[in-house]
Structure formats: C-alpha cells, structure tokens
Amino acid sequence: MAKHTVLSSGAKLWRSLACAKSELRLDLTLACGQSFRWRETAEGHWTGVIGGRVWTLTQTDDTLWYHIYQSLDRQGETSGWEKGAGVSLQLENKSDNRFKEAVKKEEEEPVAVTPVHQDTKEDEEMLRDYFQLNVKLGDLYKEWGAADHHFKHIADIFTGIRMLRQDPTECLFSFICTSNNHISRIQGMVERLCQSLGAPLGQLDQTSYHNFPSLSALADTSVEARLRDLGFGYRARFLQQNAKQILVTHGIQWLEGLRSAPYLQARDALRTLPGVSTKVADCVCLMSLDKAEAVPIDTHVWQIAKRDYNYGSGNGQKTITGELHRDIGDFFRQLWGPYAGWAQSVLFCADLKKFRNLKEMLHMKRPKKKENDEEELTVAGKKRKIKKEKIDSVKNIKVKAGHHKKAKKSA
DNA sequence: GCAAGACCTGG
DNA sequence: CAGGTCTTG
C-alpha cells in the first residue's frame, strides 16, 4: 500500500525551493482556517491537493520541500499509489446508487495527467503561485508592525502566515459551509463533500484523496439530498443552488474571471448567490480572487477590533450589520493598507484556541505590567469580562452619539 | 437599515 | 452556542 512520504525517507523523491520561515510557516498557514483540506500526515509534513494532484510539503529553516505523488493515470509505472485498485474497490463497497452515479460522472471528465518527464519548473511555479511567494511577507510584516504596535507584538511569534491563492470554486463552496459552524466540523464536511462528489486521486495509507467537486457535479439535483445525508444541514441547498446558478447564468469561467474585477465589484457579484453574504464573499475575495484588501468581518474579528483596538462604534448593536461591517473593514484597511486582509489573518490565527500554546510565549517575551493585568481579567472568567464589555459599551454609546465616525479614526 | 428567529448538527 | 445568512416586521 502506498504511504505518505517523509523527508527523511530519501531526498531523491523531494524537490525544494529556497524559502525562509519568516516568509512561510506551513503549520500556521495551512491550519488557520483558510483551507480546510490540509492534514499533518507526519510531524511537520502536510499533505493536501493542489491543481488536481496530491502533495506533501515540509520545511527546514531556509527550504521548502515538496513531493508530488503520481496520479492514478500512471498507476503501475513506478512509485506512488497503490496499484489503482484501492480506490475503485472502496467505491464498489458503497451501496448507495446515487453515490456511484455522481462519482462516475466525475470520472468521465478528463483528468489532468502528469507528464512523464517531470516538469520541475512548472511544479515549482504551481507551488509558488499557491503560496503567492512573490509577495514579500517579511516586508509586509515590517510595515504592519511599524503602523500598529499590537500587530508587532503578535508578529514576534506568529511569523510566516500568508494567504493561499486557492481555487475559487473550492474556496466559495467551502466557505458556504462555515456559516453557524466551527472549524472541526467544517473540515469533516468538506472532506465528505470531496469524497462523495470529487474525482478520486488515489490513496495513501488509510486516506483516500479526491479533487474538489466540479461545478457540474455540485449542480446535479440529487446533490442536496445527498449532502443533507452527509450532515450539511440547510447548507446543502445553498451548495447545489449556487453551482447550478453559476453554471446557468454565468458560465464555468465566471468565478476565475472575478480575479480581474475590482474588489467591491467581485464581492457584490458573489453576494448575489444564495448563502453568500458579505463575510463569505470577503473570504472568497481574499483567499481566492486576489483581493488582498478584503477583510472578512465575523463576530470573532469584531471581538478583536473591540478588545485590541478599542474599537468603539457599533457597540450598541447585537450583530454585525451593514454599516458596521464596512466601517470595521475600513478601519483595518486604513491601519494596515492594501494588504489588510493578510494582516488580519495573522491576528485571527493568533486568536485560535489551537495555537494558544504559541500565544503563551508572548507573555514570556514581554512581562509588561499593564498587559498582564488585562490578560488576567480575561482569563479570570467570562462573567467579569462580559461585565467590563458592557460598561465599555455604555460609554461608547455616549461617545457615538457625539463624534460618531471621527472617534475611531484617531486610533 | 436594524432586530429577531429560524436554520442543521454536534461538542 | 458555534468564525453566518435569509426572512420578516
């Protein structure tokens, strides 16, 4: 049976490119909630799908290493996948007919075949494109840190977090699943989505890999019922409706075409889709459509704005509504500049529970009095924190009545 | 424009 | 309740 590879198993299977950890941290970038499909398959080794092929990535201090597994089409040639049968066998075991049909449909479509000669240059370019390595993250960190003291503080530990340049279809349909939901469940849902409707790419150890489903696979009318069975809840309808709507009214190239549209135009276009409001549209813009200025505002980011930036406006409101949404985005764009969305992802990542151990290191580095006090208040218990926020919100309502928009810009 | 409620599911 | 969206009032 084919296995996930590791760097120590023999360097000849690996290719590399120069890349400092200040430019890219795989562990943070691939697990901070922008893509839901990467898994750490061995210590420091991340396996996932890029461009219809399965890759394992790892890094050392100044080098990014990558291995691309041989695709199913070349089964039996040399190393790589188990001799093909593994995946097909697995599919036969499913008794659900609709399941088979959908997969069959996928299989009939042409699948990208890896050329026999290994085109190192193209592969490297694909990787550079996926990680947007032409963007000099170190320079951006310096700019953000110079403009924003709090960012600089966080950035001491949370280095190398950059935006992926994801496939727009995968990005859109994955983020439709994020509403009213949490990361661990989203990961499972996206995985089931791919296994159910995506073209199989092969199997490594106990894990089978699939392409993200095509629009036509998602558009089939049987999809909603299938996805409900897979635990997608009310989002099942959104996924199917969207795929159909995009294909019928816009065409298959529409999403990619939005890469060349201005940010707000692309976002408004996405917002016409059912289940896609400002937040999800911003995620898709930032993570797949080259809109670095897009700042997705969710309740979590709103908390960050209030807690770390003393952001006052909107404290009287219960939910993130129109104007508030735009204002918070503008606030961060003014603070960080045209790559505000990238900067936001750093703070977002630093706030994830799964990286709490990393964040602890910040206290070791800076035993500042004031900040310790604030942390204690936060850690001490929810009730006290809530009380404090309520007091703040009362204050801010008064402020808001007076100065409204000018107050926050001074920050 | 904003506020409620509903919406699937599971930790 | 959770990293939200849609529908009403």
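What's counted below: heavy atoms across the whole structure, side chains too, no hydrogens, waters or symmetry copies. First the proteins, then the strands, lettered A, B, ... as listed; each starts at 1.
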- Do A:Q344 side-chain atoms and A:F332 backbone N/O form a donor-acceptor pair below 3.5 Å? no

- Cut-off 3.5 Å, side chains only: do A:T5 and A:T56 have a donor facing an acceptor? no

- Item | Rounded distance in Å - CG (A:D298) to P (C:dC1) | 18 Å

- Query: Contacts to DNA chain B from residues 263-290 of chain A, heavy-atom cutoff under 4.0 Å, which residues?
  - Reply: none

- Message: Rounding to an integer number of Å, can you tell me how far A:I320 CD1 sits from B:dG1 C1'?
- Response: 16 Å

- Considering only atom C1', compute the distance from B:dG11 to C:dT5 and round it to an integer number of Å. 23 Å

- Are A:T299 and C:dG4 close enough that a side-chain N or O sits under 4.0 Å from OP1 or OP2? yes

- Note on the structure: Against the side chain of A:N180, the closest entry in C:dA2, B:dA4, B:dA3 is C:dA2

- Task: Determine yes or no for a side-chain-to-main-chain donor-acceptor pair under 3.5 angstrom, with A:N242 supplying the side chain and A:P274 the backbone.
- Result: yes

- Task: Would you confirm whether the ring centroid of A:F238 sits within less than 6.0 angstrom of the ring centroid of A:F232?
- Result: no

- Taking a pair to mean Watson-Crick or G-U wobble geometry with both distances below 3.5 Å, B:dA4 pairs with C:dT7

- Per atom distances to the A:R185 side chain, the nearest of C:dC6, C:dG3, B:dT9 is B:dT9

- Query: To the nearest Å, how far apart are A:K318 NZ and B:dC2 P?
  - Reply: 16 Å

- Are the side chain of A:N181 and the backbone N or O of A:C177 linked by a donor-acceptor pair below 3.5 Å? yes

- Task: Would you verify whether the NZ or CZ of A:K306 falls within 45 degrees of the ring axis of A:W302 while also being under 6.0 Å from that six-membered ring's centre?
- Result: yes

- Query: A:F355 vs A:F158 aromatic rings, parallel, tilted or perpendicular, using cut-offs 30° and 60°?
  - Reply: perpendicular

- Task: Using whole Å, report how far CG of A:N242 lies from P of C:dT5.
- Result: 12 Å

- Would you call the rings of A:W38 and A:Y130 parallel, tilted or perpendicular, where under 30° means parallel and over 60° means perpendicular? tilted

- Calculate the interatomic distance between A:L230 atom CG and B:dG10 atom C1'; express it in whole Å. 15 Å

- Which one, B:dC7, C:dA2, B:dA3, comes nearest to the side chain of A:Y234? B:dC7

- Message: Between the base of B:dC7 and the side chain of A:R237, is there a donor and acceptor pair under 3.5 angstrom?
- Response: no

- Query: What is the nucleic acid contact for A:R235, judged by heavy atoms within less than 4.0 Å: base, sugar-phosphate only, or nothing?
  - Reply: base

- Item | Euclidean distance, atom CG of residue A:L352 to atom C1' of C:dA2 [Å, nearest integer] | 14 Å

- Atom CZ of A:R228 to atom P of B:dG10: distance rounded to whole Å? 13 Å

- Item | A:E323 side chain, from C-beta outward: closest of C:dG3, B:dC2, B:dC8 | B:dC2

- Message: Using Watson-Crick or G-U wobble geometry with both distances under 3.5 Å, which nucleotide pairs with C:dC1?
- Response: B:dG10

- Query: Starting at CZ of A:F238 and ending at C1' of B:dC7, how long is that distance when rounded to a whole Å?
  - Reply: 8 Å

